[in-house]
Amino acid sequence: MQITEISFKSADGSFAKEGVDVDLRSLSDEEFNRIENEFNETGVLVFRSQSLTPQNLIELSKRFGEVEKHLRQEFSLEGFNEIHVLSNIKQGERTIGSAYAGDAWHADLCFKKAPSRMSILYSLEIPHDEIGKPLGDTLFASAADAYDRLSDSQKNRIADLRGIMQYNRRQEIKRQERAKDHPRPPLTEEQKAKTPDITQPVVRLHPLSKRKCIYVNETYTFGIEGMPEEDAKTLLDELQNEVIVPDRIYRHKWKVGDVIMWDNCLTQHKAIGDYKLPQRRKLLRTSISGTPVE
Ligand code: SIN
């Protein structure tokens, strides 16, 4: 039997990799293992020209682990409660998905004790400007490379610190900011109870490779345990800037049919909200469970 060797190239000269000629619907075990190994090392993989049904997306995701149901079930794809819709498209008063999600740097579900291992995002509709340039790019940065670049004194300073993660606070800020163009209901008490404030290590060990990664971000980290707020803010800004060095960022320019998978410890990401209706954006996202943070 002939085994096809999947190959990868650097995506846009960055740390991210792009799989060449891959059909994610029909991976053999060998091909899947090749992808998973590459993924565990690189943290961001891109696959172009895919043609996935929602069921294909779930099956692919399940090969990596348990697929989580999103907290905001009102934005699930109808009939598939493991698929979270990201979209600015309106149906009546509200959007069919979470609109302009992730528009500041973050790692998905870092506010949970057992955060998401990884996310997979599949594009169905991508907005364009009047000359056909795609809008709504997604940016990725390596939080592991960023840690490696720190000086010894920076590493020593942050070694034992813990960041305060506040999902509910971020949601409320965002809800108020977007109240006019994208009204959404506040979190219910039941939803809030599922995401209490927690602390996470500022430097997280990757569960598989044990690489050290900067695990605080501008979206969900509002402070550092035991540190005055002003000092914490200065340090958090400094660390965020270490992660997002401009020439180290991978900027994904979406086409319909693209799949991107990213590791939520090795990397951080941010979506650019430079479009608005009638420019429509619709993507489907799954999240694969991770292990509790060590
Ligand atoms: C996210 O998962 O944070 C949003 C990514 C995107 O919409 O490009």
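Ligands are counted one by one from 1 in listed order, and the atoms in each one are counted from 1 as well.
Counting only N and O atoms by type, the side chains of His206 and Asn40 include no donor and acceptor under 3.5 Å apart.
Checked by distance only, ligand 1 and Asp137 stay at 3.5 Å or farther apart across all their nitrogen or oxygen atoms.
Applying the 4.0 Å criterion to heavy atoms of Gly102 picks out, from ligand 1, the atoms 3 (O). Close approach of ligand 1 to His106 is summarised as follows: ligand atoms under 4.0 Å from at least one heavy atom of the residue are 3 (O). Shown in contact with Thr138 at under 4.0 Å from a heavy atom are these atoms of ligand 1, numbered in order with element: 6 (C), 8 (O).
Looking from atom 7 (O) of ligand 1 to the surrounding protein, the closest heavy atom is Arg281 NH1, 2.8 Å. Ranking the protein heavy atoms by distance from atom 2 (O) of ligand 1 puts Arg285 NH1, 2.7 Å first.
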Stepwise, does the ring-ring contact (aromatic ring centres under 6.0 Å, His included) test hold for Trp262 with His269?
CA-CA 9 Å; Trp262 64 86; His269 60 285; 4.4 Å; yes
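At distances below 3.5 Å, not a single donor-acceptor pair connects side-chain atoms of Arg280 with backbone N or O atoms of Asn88. Remark: the backbone N or O of Gly257 is not paired with any side-chain donor or acceptor of Gln50 at under 3.5 angstrom. Counting only distance, with no hydrogens or angles, the side chain of Arg251 and the backbone of Asp12 share no donor-acceptor pair below 3.5 Å.
Under 4.0 Å from ligand 1, the heavy atoms of Trp262 that appear belong solely to its side chain. With a heavy-atom cut-off of 4.0 Å, His269 touches ligand 1 through its side chain alone.
A salt bridge does not link Lys69 to Glu82: none of the charged nitrogens lies less than 4.0 Å from a carboxylate oxygen.
Using a 4.0 angstrom heavy-atom cutoff, Leu86 counts as in contact with ligand 1.
Ring geometry for Phe32 versus Phe64: interplanar angle over 60°, hence perpendicular rather than tilted (30 to 60°).
The residue among Ser287, Ala101, Ser123 with a heavy atom at the shortest distance from atom 4 (C) of ligand 1 is Ala101.
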